[in-house]
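No hydrogens, no waters, no symmetry mates; every other heavy atom, side chains included, goes into these values. All ligand and atom numbering here is 1-based and tracks the order in the structure.
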Amino acid sequence: MQRSAVLNVMIGAARKAARGLKRDFGEIEQLQVSLKGPANFVTAADRRAEDILYAELSKARPGYGFLGEEGGSREGADKSHRWIVDPLDGTTNFLHGIPQFCISIGLERDGTMVAGLIYNPITDDLFLAERGKGAFFNDKRIRVAGRKTLADAVIACGLPHRGRGDLALGLREIGAVQDKVAGLRRFGAAALDLAYVAAGRTDGYWERNIKPWDIAAGLLMVREAGGFVTDLEGHDAMFAKGDVVAGNEAIHRDLLAALKTAKA
Ligand code: LIP
C-alpha cells in the first residue's frame with residue numbers, strides 16, 4: 001500500500017509509544033504475584049504512552065485538537081482536525097498479562113473520521129485505514145468476511161461487568177444472539193474487535209458503554225473494509241450513545257435485529 005504522510009506520522013507515533021508499552025508489559029508478568037497487583041504501574045504506563053502519542057502527533061501536526069483517554073480534550077488552533085486516541089485499549093487485559101491490547105489513533109476532520117490506526121505491540125499487528133483508500137492489515141488490503149447468515153458467523157462482543165453497564169440487559173442480549181450464531185467471543189479490546197471485523201477474522205461485533213477513543217479508528221477501519229457500523233438503534237450516533245454494532249451488510253442487519261429483541 002502507498003502510505004500517506006499522515007499515516008506515516010501516526011505509525012511513527014504508535015511505534016514509539018509501543019516500545020514503552022511492550023517493555024511495561026514484560027514487567028507486568030512479574031507483578032502478577034504481588035499482593036498489591038500491577039494497577040498503579042499500568043496507569044503510569046497508560047499515561048506515558050499517551051504523553052508520547054500527544055508529543056509526536058502534535059509535533060508533526062501542530063494545532064490539531066486532541067482527545068485522549070487519559071488527558072481528556074485539548075483544543076487546538078485548527079478547529080477542523082482532531083486526534084482521537086486511546087494509548088492502551090484493553091487495559092484490563094494488559095493488567096492481567098493477556099496480550100490482547102492496542103494503541104488506537106483516529107483522525108477526525110470536520111466531524112468525519114478520515115484516518116485510523118490500530119496497533120497491537122505484542123503481535124505486531126498493524127491495521128490502517130484512510131477514508132476512500134481502503135483498510136489494510138500489515139500493508140495488505142483487507143475486506144470484511146463474506147458470510148451471510150448468523151448461523152455461520154463468529155461474533156465478538158463486550159460484556160458489562162461489576163460496576164459498569166446494565167448486567168441484566170447484557171445477559172438478555174447474549175441470550176438473543178448466542179443460539180443464532182456459530183460462536184461468541186469476548187476479547188476485551190474494542191479497537192481490536194473492530195479491526196478483526198474489518199479483517200474478516202470475526203463476522204460481527206457489538207458493545208455498549210464504550211468511549212469515542214475505543215472506537216474512532218475502528219469505525220473507519222470497518223467501513224473502509226466494506227462493512228457496516230452503527231449504534232444499536234441503527235443510526236450514526238456511536239460517539240454520543242456509546243454503543244456500536246458492526247459486520248458486513250447482512251450480519252450487521254441480522255445482529256441489530258437480534259439485539260433489538262433483547263431490549264424489552
Ligand atoms: C476497554 C474496551 C473494552 C471494554 C472495556 C474497556 P479501555 O477500553 O476496549 O472493549 O469492554 O471495558 O472499556 O478502558 O481498556 O481503553
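- Pairs passing the side-chain hydrogen bond (donor to acceptor under 3.5 Å, both in side chains) check and including a residue from residues 183-193, sequence neighbours excluded, do not occur.
- Taken to the nearest 0.5 Å, the CH2 atom of Trp206 stands 8.0 Å off from the CD1 atom of Ile155.
- Within the cation-pi definition used here (under 6.0 Å to the ring centroid, within 45° of the axis), Arg74 qualifies as a partner of Tyr54.
- For Asp124, the side chain to side chain donor-acceptor pair (under 3.5 Å) partners at least two apart in sequence or on another chain are Arg15, Tyr119.
- Looking at Thr149 and Asp152, their side chains do bring a donor and an acceptor atom within 3.5 Å of each other.
- Within 4.0 Å of ligand 1, the residues that place a heavy atom are Glu69, Asp86, Leu88, Asp89, Gly90, Thr91, His161, Arg164, Arg186, Gly188, Ala189, Ala190, Glu207, Asp214, listed by chain and number.
- In terms of the side chain to side chain contact (heavy atoms under 4.5 Å, CB included) criterion, residue partners of Lys16 (sequence neighbours excluded) are, by chain and number, Arg19, Ile52, Glu56.
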